[in-house]
Amino acid sequence: MSATHEVFNQSTPFEGANLFRVNRPLRDALRTWVPALDTSGLDALGAEMGSAEMQRHARLANHHGPQLRAHDRFGRRVDQVEFHPSYHALMGAALRHGLHGSPWSGPRLAHVERAAGFMLFTEAEPAVLCPVSMTYAVTPSLRANAALQAVWGPLLAAREYDERFVPHQVKASAGRAVTMGMGMTEKQGGSDVRANTTRAEFDGEDAWGRRFALTGHKWFMSAPMCDAFLVLAQSPGGLSCFFLPRFLPDGSVNALRVQRLKHKLGNQANASSEVEFERATAWLVGDEGRGVPQILAMGALTRLDCSLGTAGLMRAALSIALHHVEARHAFGKPLVAQPLMKNVLADLALESEAATALALRVALAVDRTEHAADAHEQVMRRVLTPVAKFWICKRGAGFAQEAMECLGGNGYVEEAGEGVMARIYREMPVNSIWEGAANIMALDLLRALRGADVAPALEHELAPVRGAHPALDTAIERVLQGVDAGVPEAQARILARDVALVVQAALLQRQAPAAVFDAFCASRLQGTPDVFGLLDERADLDPLIERARPVEAA
Ligand SMILES: Cc1cc2nc3c(=O)[nH]c(=O)nc-3n(C[C@H](O)[C@H](O)[C@H](O)COP(=O)(O)OP(=O)(O)OC[C@H]3O[C@@H](n4cnc5c(N)ncnc54)[C@H](O)[C@@H]3O)c2cc1C
């Protein structure tokens, strides 16, 4: 064949960068809020996650998604999921870096360090972080059964991943880690879990406490190859929380049947299953009839991870967009030099930094309440968990669409999984839906307002930035009024958005240059944030873009 054309003016893959070193907003946030933090682990993680090798694993794990083996060839039930080796490579890396149970036992990471690591890992691959997140989040719930916590706690924090389908004792004797998932959602109700119909019948008592036989189903139960799950079921005392392992203590397989894997929009590397329990053995965690608050101690932390995950995906999409617009020329200039493109990029950069800041603020509140009884931080943790999940995750899908558009048609193309931007776009909405969709988060904010004196706590939180920007002052007054007086349910999203925006502004005032803070206040607090790229003439676009560029400072 003769040559028909030369390929030019195309971009290159964004790979080989140390994702921590090139992320100035993240590094500035950590420097501001936890100045003593040793970031060498994050530096190593950033290098690994930016590597071409990890990107290849991410592509393969998503392109060759999990397969269910419900039965063997003789018709016996197997109930196992098979993954591409790249899935296991990613899981191995996540556990090696302590993104699962490490803040709770063993050589501990701070929650905020783990949160930063979770964001960096997300930039490479978010889907495998589903079981990693659930394993992180389970400890506050599991503690309510001291016998289980004593056996499983150390295994949840071990750093070596073990992909085998074997009992926890086998993993323990090899010094390997276990992972845990959760099963709440049933066909007839996900948000309204009180509608659960799975039955729990008392079956005796043993070293792990009160034992029950569970019969019923779960319509969504992700990562069914986890070693154990917290599930909700109706016992004689009401809806209760149970620990349900895949293997029983005698080494036999528990009666959990994996019926089907979901065929999902995104999140392809992660297996999300439908399961049935046929008198599956499970142990009570916490008090009978108190299942919802018991499992929500886990849900609150997975909600934090939804915020972190979305902030990480925003940063990934922004980095790819910024990388692309420097290489691609149109109408005689690199795209990054076109004034209107600058507006879009600068606006995306503002959103990405604000999301990172707010998600980290929640993680900081976890550190400050797990290690000390800090009443202010307790309120911030309670209030900002649903607020952050609502607002950051809700902004994610629009963000991904805009970042994709920076790449033009190439952004929309997957090409055997190589098109990372398309993968990010398909992944983005899930964080808004699972672990409580947006309305549920906004309603949870109203519940938090009823349970604590939130207005003085928010006033205290925002006091350092009073007078910093007129738009922020006005917004703070409006928020405090709404928080104090309460709002009708139908207005809950408005209040959740406003709390998110004033807290984001306050964080940026401390951790970012004035150009970022001013542009954020002018664009987010005076009028409703609409599509991206509407920054007015007051915004100084170049420094905003320069700050976000995914390159190491000279
Ligand atoms: C990929 C994926 C993985 C998942 N993995 C798991 C898992 O591992 N374990 C698990 O338990 N679940 C899992 N889920 C389920 C998920 O948590 C639920 O889908 C979610 O909580 C919503 O529940 P639902 O689907 O029943 O929707 P519904 O509860 O029917 O809600 C539908 C809509 O109605 C809104 N709504 C509900 N009540 C109100 C109200 N009072 N006022 C206003 N609006 C309301 C919701 O915000 C939502 O937008 C997963 C879901 C997905 C997509």
Side-chain angles (χ1 to χ4, degrees), residues 62 65-66 81 126-138 141 179-198 214 216-233 239 241-242 244 246 256 258-277 291-292 294-296 298-303 305-306 309-310 313 386 389-391 393-394 396-397 423 426-447 487-496:
N62 280 279
V81 179
V128 305
L129 290 178
C130 172
V132 173
S133 171
M134 294 191 287
T135 303
Y136 162 64
V138 76
S141 294
T179 55
M180 278 191 69
M182 72 201 302
M184 295 188 282
T185 308
E186 297 188 0
K187 295 188 180 85
Q188 69 284 351
S191 309
D192 187 5
V193 290
R194 289 166 306 175
N196 271 199
T197 61
T198 296
L214 268 53
H217 81 284
K218 294 293 163 187
W219 182 231
F220 280 92
M221 206 172 85
S222 286
M225 294 306 283
C226 283
D227 298 274
F229 303 84
L230 288 191
V231 301
L232 289 179
L239 190 60
C241 177
F242 295 93
L244 190 150
R246 291 235 40 197
L256 179 156
V258 184
Q259 300 295 96
R260 189 161 65 155
L261 296 189
K262 301 285 193 189
H263 184 76
K264 297 175 288 185
L265 170 67
N267 197 245
Q268 304 287 356
N270 179 36
S272 297
S273 65
E274 298 165 16
V275 298
E276 290 185 3
F277 309 133
V292 175
Q294 193 61 49
I295 209 164
L296 279 185
M298 178 178 188
L301 289 176
T302 49
R303 286 171 181 175
D305 280 0
C306 290
T310 303
L313 282 176
K389 182 179 184 304
F390 164 67
W391 187 242
C393 298
K394 197 42 87 183
R423 192 164 78 223
R426 289 190 290 95
E427 182 78 19
M428 200 60 110
V430 75
N431 283 332
S432 191
I433 295 174
W434 68 13
E435 299 301 341
N439 284 355
I440 299 304
M441 291 303 96
L443 293 174
D444 193 45
L445 168 63
L446 298 192
R447 197 168 307 114
V487 298
E489 268 193 24
Q491 265 65 59
R493 279 189 182 215
I494 297 178
L495 184 61

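Indexing begins at 1, ligand by ligand and atom by atom, following the structure's order.
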ask   = Around Q491, counting heavy atoms of other residues, nucleotides and ligands shown, do more than 12 lie under 6.0 Å from its CD?
value = yes
task = Look at atom 9 (N) of ligand 1 and say which protein heavy atom is nearest, naming residue and atom and giving the distance to 0.1 Å.
result = M182 O, 3.0 Å
task = Just do the salt bridge (Lys or Arg N to Asp or Glu O under 4.0 Å) check on R303 and E435 with the steps written out, would you?
result = CA-CA 6 Å; R303 286 171 181 175; E435 299 301 341; 5.3 Å; no
key: Identified side chain to side chain donor-acceptor pair (under 3.5 Å) partner of E274 from the options K262, Q259, H217, K187   = K262
task = May I ask you to identify the nearest protein heavy atom to atom 24 (P) of ligand 1, giving residue, atom name and distance to one decimal place in Å?
result = G190 CA, 3.8 Å
A437: numbered ligand 1 atoms lying under 4.0 Å from its heavy atoms = 46 (C), 47 (O), 48 (C), 49 (O)
ask   = Does ligand 1 have an atom that lies less than 4.0 angstrom from a heavy atom of G183?
value = yes
note = atom 53 (C) of ligand 1 sits nearest the protein heavy atom F220 CE2, 3.8 Å
task = Scan the protein's non-hydrogen atoms and note whether one is under 4.0 Å from atom 29 (O) of ligand 1.
result = yes
ask   = T198 and V231: side-chain contact (heavy atoms from CB on, under 4.5 Å), yes or no, with the steps?
value = CA-CA 10 Å; T198 296; V231 301; over 6 Å; no
request  = Within a distance under 4.0 Å of any heavy atom of I440, pick out the atoms of ligand 1 and give their elements.
outcome  = 37 (C), 38 (N), 39 (C), 47 (O)
query = Who gets closest to atom 8 (O) of ligand 1 by heavy atom: A195, A438, S222?
reply = S222
query = Just which atoms of ligand 1 are under 4.0 Å from any heavy atom in M221?
reply = 7 (C), 8 (O)
task = Please work out whether any backbone atom (N, CA, C, O) or any side-chain heavy atom from C-beta onward of L443 is under 4.0 Å from ligand 1, and answer side chain, backbone, both or neither.
result = side chain
query = Taking the side chain as C-beta and beyond, is there a heavy-atom pair between F229 and R246 under 4.5 Å?
reply = yes
For the student: nearest non-hydrogen atoms of V128 and P131, plus distance = O-CD, 3.1 Å
Donor-acceptor pair, side chain of T135 and main chain of M180, under 3.5 angstrom = yes
inquiry  = Just to be sure I read this right, does ligand 1 sit under 4.0 Å from the backbone of S272, its side chain, both, or neither, counting only heavy atoms?
reply    = side chain
remark   = heavy-atom search around atom 2 (C) of ligand 1 in the protein gives W434 CE3, 3.4 Å
request  = Provide, to 0.1 Å, the distance between atom 20 (C) of ligand 1 and the closest protein heavy atom, together with that atom's residue and name.
outcome  = I433 O, 3.6 Å
With F390 via ring pair (Phe, Tyr, Trp, His ring centres under 6.0 Å) - residues at least two apart = none
query = Which ligand 1 atoms does K264 reach within 4.0 Å, using its non-hydrogen atoms?
reply = 1 (C)
ask   = Considering only heavy atoms of M184, which atoms of ligand 1 have at least one such atom less than 4.0 Å away?
value = 10 (C), 11 (O)
inquiry  = Just to confirm my output: which protein heavy-atom neighbour is closest to atom 32 (C) of ligand 1, and how far is it?
reply    = S191 OG, 4.8 Å
message = Could you tell me, atom by atom, which parts of ligand 1 come under 4.0 Å of a heavy atom of E435?
response = 17 (O)
key: Contact atoms of ligand 1, heavy-atom distance to N439 under 4.0 Å   = 43 (C), 44 (N), 47 (O)
query = How about K218 and N196: does a side-chain donor come under 3.5 Å of a side-chain acceptor?
reply = yes
key: Distance-minimising heavy-atom pair for L239 and R194   = CD2-CA, 3.8 Å
message = I need the minimum non-hydrogen distance between C393 and C306, along with the two atoms involved.
response = SG-O, 3.6 Å
inquiry  = Would L445 and L495 count as a side-chain contact (heavy atoms from CB on, under 4.5 Å) here? Give the steps.
reply    = CA-CA 9 Å; L445 168 63; L495 184 61; 4.1 Å; yes
note = One finds that the ligand 1 atoms under 4.0 Å from a non-hydrogen atom of V430 are 1 (C)
task = Name the closest protein heavy atom to atom 15 (C) of ligand 1, giving the residue it belongs to and the distance to 0.1 Å.
result = T185 OG1, 3.2 Å
